[in-house]
Structures are given as structure tokens and as C-alpha cells.
K.L.:
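A single structure is presented below for examination.
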Amino acid sequence: MSEARPHIPGDGPFRRWLLRTIVVTALVGVGAGVAGGLVFAALHGIQHLAFNYSEGTFLNGLLEAPPAARVIALVIAGVIGGVGWWLLRRWGVRRAEHAVVSVEAAVGGKRMPVVVTILNAGLQIIIVGLGASIGREVAPRELGALWADWLTRRAGLDATQRKVLVACGAAAGLAAVYDVPFGGAVFALEVLLAEVTLATVIPAFATAAIAALVAHVVVPTSPLYVMPQVELSPPLVVGSIVIGPLLGLAALGFVRGASFAQKHRPSGWRLAVVMPLVFAAVGVIALWIPAVLGNGRSLGQLALSAALPPLLILGITALKTLTTLGTIGAGAAGGTLTPSLAIGAGLGLALGAAWSLLWPGAPIVGFALVGAAAFLGVTMRAPITGLVLVVEFADQGLAVLAPAMLATAGAVAVGYLLRRRSRFIETP
């Protein structure tokens with residue numbers, strides 16, 4: 001006869017806590033996956049409706065549509081975004097509880113208002129779908145964080161658990177909309193939580209994986225960017241070491257430009273006037289260079305496949321940088337993830353082409369990939385996340401890791417050294 005299991009004080013409450021934590025974590029992943037799938041479907045629906053195409057990429061749709069449609073769509077986006085954010089931010093100024101709460105603030109414990117967060121994300125989806133030159137990744141992150149914030153509060157989780165799961169919900173939204181489960185998990189750990197422990201790794205991995213699987217209902221599993229597999233070679237390795245610091249300087253310039261534009265964006269009724277005008281100017285540029293429109297995927301694909309001469313892609317990269325900074329300066333909310341990747345890929349391709357004149361032998365698309373990882377690592381202040389995301393986006397193997405890591409190290413080191421130098425100068 002077997003002995004009875006001894007009673008452990010507190011065993012029952014622990015089981016209930018564990019079960020509740022597991023259920024809530026799974027539901028955070030499911031909700032973030034649904035949010036990511038809805039964002040993906042809404043964006044593509046708006047793009048197909050605005051530019052009247054049914055198949056192919058966004059750039060193909062732009063090329064098939066009448067050129068005037070690019071200006072018209074951008075003006076409509078500017079009016080909707082300008083008036084919408086003017087009213088939304090005015091509401092937040094009048095009533096503090098209705099102010100937009102960022103994902104970072106939500107991770108810090110601030111409650112996200114449901115209606116305001118959904119409206120803010122909705123405006124981002126509309127303007128990006130209509131061609132605004134800004135990233136789309138903030139909307140699914142905000143919706144994932146909103147769901148996690150609401151759910152964890154209703155479930156009665158403590159502040160520590162809530163912080164972790166709100167960060168995981170936001171990152172899972174990113175994982176879902178781009179089908180990058182590993183990148184989403186690393187984003188939660190490196191960027192939002194800055195902590196790698198079992199208590200953070202387990203929910204980050206679980207929610208990102210669940211979200212990506214749920215979103216597969218509408219999000220394709222094919223790579224975001226199509227390009228040949230990059231092979232390791234001495235010219236690529238040495239070239240990555242050389243161009244890394246240059247990419248770091250360029251990325252720092254972009255970060256400072258985005259910060260300046262953010263600080264000087266119009267407020268009040270001026271927002272409803274400036275945004276349509278800036279968007280119209282972007283639309284005019286797109287009459288000749290349609291690849292500047294959208295979140296940057298078009299330029300990224302051109303660079304990562306070397307579909308055009310490097311000098312031409314460098315020119316498009318410069319215009320994409322200008323239109324993205326202009327869009328931020330006009331007051332639009334959104335991200336810089338995919339614009340940064342595209343700009344980095346364009347710069348990497350151009351620098352790689354120049355390097356190949358000195359030491360030929362490596363395909364220049366390898367330098368585009370390396371440039372994307374290094375540039376993104378600096379702009380996100382997250383070199384590991386940037387590297388993982390680029391590798392997942394382009395479905396690359398392990399051969400590219402070494403040169404990409406070397407370039408990223410050089411790029412990130414530039415920013416670190418410049419900050420250290422400024423501190424020494426400021427210290428008497």
C-alpha cells in the first residue's frame with residue numbers, strides 16, 4: 001500500500017497561481033497574434049483598395065496604378081492623420097486619462113486607455129496603408145501591449161508579472177505581423193525588459209511563438225525579403241569591418257534627425273494643416289520614385305536583391321530618409337524599424353559596391369544584408385534584436401552571422417565612443 005502524499009502548506013495556492021500564470025501567458029500570445037493578423041489584413045486591404053491591385057507586392061501595385069493615385073492617396077492619408085491626431089491629442093490634453101500611452105510607459109506600469117490606444121493604432125494603419133513613409137510595427141505592438149495590460153489587470157497578476165507580460169504582448173504583436181517569433185522574443189528581452197532570466201525568457205518565447213502561429217491564418221510564412229543565400233568570403237568579412245563604423249555614423253545621424261523631427265512636430269490645429277502638405281510633397285516625390293512610399297519594404301527589397309544599380313538605390317535611399325524624417329516631423333505616429341532596415345540595406349549595398357572595386361569576390365547583396373543589420377542595431381539601440389530580425393526577415397543561414405556581427409559591432413561602437421567622448425568633454 002503506497003504512502004499518502006504529505007500535505008505541503010501553500011501547495012494549493014501555488015498551483016492556482018501557476019495555472020493562472022500559464023493561462024494568462026497563453027492568452028496574451030493568442031491576443032497578440034489576433035492583433036497582428038488584423039493589422040496585417042487591414043494594411044493589405046487598404047493598400048489594395050487605394051491602388052486597385054489584387055496580386056503582387058506593394059511596389060508592383062504602385063507601378064500599375066496611375067501615378068496621380070500616389071499623390072491623391074498621400075493627401076487623403078495626410079488629412080485623415082492630421083485631423084485624427086489633432087483631435088486625439090487634443091482629447092488627451094484636456095483629459096489626462098485619455099492621453100496616448102506608449103508601450104514603454106505601459107511596461108513601466110502606466111495603464112493604457114482602450115479607446116485611445118485603438119484609435120491611435122488605427123490611424124497608423126490607415127496612413128501606412130495609404131503609402132505614408134513610416135513603419136507599421138508600432139500599431140501591433142501597442143495593440144498587443146493593450147491586450148496584455150487589460151488581461152493581466154483583470155486576472156489580478158502582480159506588478160512584476162504585469163510588466164513582463166505587457167512587454168511580451170507588445171513584442172508578440174511584432175512577431176505576429178512580421179512572422180518573426182525569435183526576433184519578437186529577443187525584442188522583448190533586449191529592448192523592453194533589458195533582462196534575461198528564466199522569468200522573462202519563458203513568457204517571451206511562449207507568447208511570441210503562439211502569436212506567430214495564430215497570425216499564420218492571414219500572415220504568409222514566406223520570408224519578408226527575397227534574396228539569394230549569402231556565402232561567407234574574405235572580401236565580405238573584411239568589408240564588413242570597414243563599412244561598420246560608416247554605417248554607425250549614418251545611423252546616428254538618422255536617429256538625431258528623427259529626434260529633432262519628433263521634437264519640432266506641429267501641435268494643435270497646425271497638425272491638420274502641416275501633415276496634408278508634407279504628405280502631398282512626399283506624393284509628388286513618389287511620382288518619379290514610388291519606392292519611397294510605405295514602410296520601407298519596397299526599398300529594402302530593391303537593395304537586398306540588387307535589383308537596380310547601386311548608385312540609383314543610394315539616391316532612393318537618400319530620398320527615403322528625407323521622406324521618413326519629414327513624415328515624423330509632420331506629426332505622424334509610427335515606427336522606424338523597416339525604414340531603418342531599408343536605409344541600412346541601401347547604404348550597405350552602395351558601400352559594398354565601392355568596396356568590391358577594391359576587393360572583388362563577394363556579392364554586393366551580402367553587404368546590403370550586413371548594412372541592414374548594423375544600421376538597425378544602432379537605430380533600435382538593440383544590436384542583437386537588429387541582427388536576429390534581419391536574418392529572419394531575409395531567411396538567411398548562419399554564414400552571414402559573422403560579417404553581420406562584425407559590422408554591427410563597429411556601428412554600435414561608434415555611438416558608444418561618441419557618447420563617452422562627449423562625457424569626457426563635458427566633465428571639467
K.L.:
Measure the spacing between CG of L63 and CG of L59 and express it to the nearest 0.5 Å.
P.N.:
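Reported to 0.5 Å precision, the distance equals 4.5 Å.
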K.L.:
Between R265 and I328, is there a side-chain heavy-atom distance shorter than 4.5 Å?
P.N.:
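I328 vs R265: side chains apart.
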K.L.:
Return the OG1 to CZ distance between T338 and R297, rounded to the nearest 0.5 Å.
P.N.:
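Reported value, rounded in 0.5 Å steps: 10.0 Å.
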K.L.:
Which heavy atom in L232 sits nearest to a heavy atom in P403, and how many Å separate them?
P.N.:
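Scanning both residues, the minimum pair turns out to be CD1-CD, 3.6 Å.
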K.L.:
Which distance, rounded to the nearest 0.5 Å, do you find between the CD1 of I285 and the OG of S133?
P.N.:
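Reported value, rounded in 0.5 Å steps: 9.0 Å.
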K.L.:
So does L27 get a backbone contact from the side chain of W147, meaning a donor-acceptor N/O pair under 3.5 Å?
P.N.:
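At least one qualifying donor-acceptor pair exists.
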K.L.:
Counting distance only, does the side-chain N/O of Q229 pair as donor-acceptor with the main-chain N or O of D395 below 3.5 Å?
P.N.:
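Pair found, side chain donor or acceptor close to backbone of D395.
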K.L.:
Got a second to check how far L62's CG is from I289's CD1, nearest 0.5 Å?
P.N.:
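Taking CG in L62 and CD1 in I289, the distance rounds to 12.5 Å.
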K.L.:
Would you say the side-chain atoms of S102 pair up with the backbone N or O of A105, donor to acceptor, closer than 3.5 Å?
P.N.:
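Indeed, once roles are kept as given, a pair shorter than 3.5 Å links the two residues.
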K.L.:
What do you reckon, is CZ of F182 surrounded by more than 12 foreign heavy atoms closer than 6.0 Å?
P.N.:
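Open: at most 12 neighbouring heavy atoms sit under 6.0 Å from CZ of F182.
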K.L.:
With heavy-atom distances below 4.5 Å as the criterion, would you say the side chains of Q124 and W85 are in contact?
P.N.:
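Touching, per the 4.5 Å side-chain cut-off.
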K.L.:
Mark yes or no for whether E190, through its side chain, and R381, through its backbone, hold a donor-acceptor pair below 3.5 Å.
P.N.:
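Absent.
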K.L.:
Do T117 side-chain atoms and P113 backbone N/O form a donor-acceptor pair below 3.5 Å?
P.N.:
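Side chain of T117 to backbone of P113: a pair is present.
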K.L.:
With a 4.5 Å limit on heavy-atom distance, are the side chains of T152 and Q161 in contact?
P.N.:
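A side-chain contact under 4.5 Å is absent here.
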K.L.:
Would you find a donor on one side and an acceptor on the other, under 3.5 Å apart, between the side chain of T408 and the backbone of G377?
P.N.:
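No, T408 side chain to G377 backbone: no donor-acceptor pair under 3.5 Å.
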K.L.:
Find the distance between CG (L302) and CG (L308) and round it off to the nearest 0.5 Å.
P.N.:
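Answer for the CG-CG pair, L302 versus L308, is 5.0 Å.
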K.L.:
Any side-chain heavy atom of H44 sitting closer than 4.5 Å to one from F40?
P.N.:
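Counting from C-beta outward, H44 and F40 do come under 4.5 Å.
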K.L.:
Can you measure from CH2 (W359) to CG (L236) and round to the nearest 0.5 angstrom?
P.N.:
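Atom-to-atom, W359:CH2 and L236:CG are 10.5 Å apart.
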K.L.:
Closer than 3.5 angstrom, by distance alone: can the side chain of R70 be matched with the main-chain N or O of L287 as a donor-acceptor pair?
P.N.:
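Judged by distance alone, yes, a pair lies under 3.5 Å.
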K.L.:
Could you check whether any side-chain N or O of K163 sits under 3.5 Å from a backbone N or O of V107, counting only pairs where one atom can act as donor and the other as acceptor?
P.N.:
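No.
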K.L.:
Examine distances only and state if a side-chain atom of T200 and a backbone atom of E195 form a donor-acceptor pair shorter than 3.5 Å.
P.N.:
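Yes, because the side chain of T200 sits within donor-acceptor range (under 3.5 Å) of the backbone of E195.
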